[in-house]
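The structure appears below as structure tokens.
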There are 2 protein chains.
Amino acid sequence: MAESQDELSNIAESLKSLGLTKYEALVYIALLKVAGATATEIHEISGVPRASVYPVFDRLIQKNLVSVSNTSPKRFDAMPPEEGISNLLASIEDNAQEAKKVLSDIFSQRIGVERGTQELIWSIYGLDNIHIRISDLVHHAKQSIRIFCNMQFFTPGMIETLEASGENIAIEIIVDQWTGDVPRNLKVLIKKAPIGHGIDNKIITGGVFLFDCKRVMVIMGPQNEGLTGLYSESDGFVRFFSSYWRFFKDWARK
Amino acid sequence: MAESQDELSNIAESLKSLGLTKYEALVYIALLKVAGATATEIHEISGVPRASVYPVFDRLIQKNLVSVSNTSPKRFDAMPPEEGISNLLASIEDNAQEAKKVLSDIFSQRIGVERGTQELIWSIYGLDNIHIRISDLVHHAKQSIRIFCNMQFFTPGMIETLEASGENIAIEIIVDQWTGDVPRNLKVLIKKAPIGHGIDNKIITGGVFLFDCKRVMVIMGPQNEGLTGLYSESDGFVRFFSSYWRFFKDWARK
DNA sequence: CACTTGTTGTTCTTGTTATAACAACATTTA
DNA sequence: TAAATGTTGTTATAACAAGAACAACAAGTG
């Protein structure tokens with residue numbers, strides 16, 4: 001009964017992403033604590049207005065998270081969370097599956113590829129999104145991956161992704177330091193590089209990622225928030241950063 | 001480009017359950033059709049007001065479903081749906097995982113079991129929910145399962161569930177007819193039973209399900225909507241339907 | 001018995017938030 | 001300049017949150 005308010009609202013958030021409302025989450029959580037409770041008891045435990053408890057129960061019953069007794073007063077019981085959540089998730093996964101199928105279909109018939117997409121430079125915002133996209137690019141690389149950035153970028157997950165890439169892909173990394181083991185398939189050059197400047201009391205990070213000498217991702221910006229990635233398949237863009245890479249590789253070898 | 005309006009709104013629904021709003025869904029779908037489109041083009045295809053397109057794009061970009069070019073006018077591009085949806089789903093699954101963990105914890109410390117839960121009769125509404133619950137009960141059965149209802153109940157999924165239950169569980173079924181193969185582990189008695197009456201032009205369905213002679217589920221009501229299931233572990237309830245079962249079994253053998 | 005008290009379930013308002021929809025404007029671009 | 005683009009507000013709308021009010025009923029009390 002000693003959940004921190006913080007943790008409780010954290011779970012409420014998780015449940016919301018599963019399609020529950022705030023009240024639904026609170027009522028369900030309260031009901032997990034007391035088997036066969038009445039509406040009034042749940043109202044007292046959860047803090048949800050007593051009148052609101054009833055429609056909330058209706059919805060939870062529809063979602064098969066709760067059952068009612070036919071006694072008077074009504075008593076409510078929660079499904080075990082393992083099963084309840086699995087049921088919720090299952091229906092979402094069904095939807096995702098369905099959506100994937102139809103949308104992939106639409107995607108495969110897309111038009112406008114002739115419009116020189118490859119000449120454009122695309123922006124990606126946020127560290128998480130950049131990580132996702134780079135993981136993606138790593139997965140799709142066929143021959144070579146070249147990375148030039150500082151160690152902060154190499155989260156355990158990212159190292160794992162690189163480690164799991166095809167064996168016949170040459171991965172070269174120039175980095176300011178390396179903590180932990182270096183996976184066998186990585187060729188790491190360590191050199192304190194002039195990237196990562198401090199401006200306005202913020203640490204500015206930079207990084208260049210080349211895939212198969214055809215695709216480039218450049219990242220720049222403050223460390224945590226507002227990080228921007230630029231992605232391009234443009235010839236000029238790729239050429240520019242290829243020579244940028246070659247320059248720093250020579251420099252790092254000294 | 002010939003998706004029925006129905007199918008399109010169907011997908012929009014699916015995407016909503018993945019956390020997208022109506023506009024986000026419409027814009028994303030439109031963007032899948034045209035690579036590297038401008039805001040105005042998307043506005044025309046999707047029917048979303050032009051001014052609304054920009055904030056919608058911002059949100060889609062945050063969710064890593066869309067990237068922007070740095071040209072003028074801005075051009076937008078959709079992530080392949082396979083990856084985009086997987087990313088969305090992954091974060092929901094993380095939440096579900098997290099929620100399961102914490103809620104199971106709360107659930108295991110629940111109080112009030114002494115309150116004679118087993119004497120109550122619980123209601124479950126809707127065919128889908130009843131199917132889920134019965135599948136659940138089948139999974140947890142240890143010794144015997146006894147079913148008395150008509151064939152409509154035995155969907156392919158339900159038959160599969162029964163077939164996959166433990167080998168040392170005795171499963172006896174009394175049913176009005178059986179279409180398809182009878183799985184080896186089921187003992188089926190076929191007999192046109194006086195359940196399934198027609199009242200008010202609606203077909204009324206009934207069914208009795210006994211698990212380990214300890215738990216009973218009774219279903220009744222119109223076939224599709226408004227179907228109600230009653231579940232109980234109450235001694236009296238179980239006894240009543242046990243003799244109900246015995247009576248029909250004798251009758252079915254004649 | 002009439003009367004109070006408390007509980008339960010339902011029905012209505014009111015406030016609040018997140019989208020949705022649109023008008024208006026400044027800025028580009030051709 | 002005319003058209004297209006991007007941004008900023010304002011107003012609607014719908015869902016949810018929050019609580020007030022009420023009828024029905026059961027249990028206790030004089």
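What's counted below: heavy atoms across the whole structure, side chains too, no hydrogens, waters or symmetry copies.
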Q | A:R75 backbone acceptor or donor facing A:S69 side chain under 3.5 Å | A | yes
Q: Please report, rounded to the nearest Å, how far the P atom of C:dG6 is from the CZ atom of A:R50.
A: 14 Å
Q | Pair listing, salt bridge (charged side-chain N to carboxylate O under 4.0 Å, His left out) test, anchored in residues 17-30 of chain A, at least two apart | A | A:E24-A:R59, A:E24-A:K63
**Q.** Whole-Å distance separating the OH atom of B:Y54 from the P atom of C:dT27
**A.** 16 Å
Q.
Closest-nucleotide mapping onto DNA chain D: is B:T40 or B:A51 further toward the 5' terminus? I mean the 5' end.
A. B:T40
Q: Identify whether any heavy atom of B:S52 sits under 4.0 Å from a base atom; if not, whether one sits that close to sugar-phosphate; answer base, sugar-phosphate or nothing.
A: base
Q) Nucleotide range of DNA chain D contacted by chain A, 5' to 3', under 4.0 Å to a heavy atom? A) D:dC16 to D:dA20
Q. Looking at side-chain heavy atoms only, is the closest gap between A:F148 and A:L210 below 4.5 Å?
A. no
Q: Taking the six-membered ring for Trp and the single ring otherwise, decide whether the centroids of B:F153 and B:F209 are under 6.0 Å apart.
A: yes
Q | salt bridge (charged side-chain N to carboxylate O under 4.0 Å, His left out) contacts touching residues 9-20 of chain B (sequence neighbours left out) | A | B:E13-B:K16
**Q.** Test item: B:N129 side-chain N/O and A:Q62 main-chain N/O as donor-acceptor pair under 3.5 Å
**A.** yes
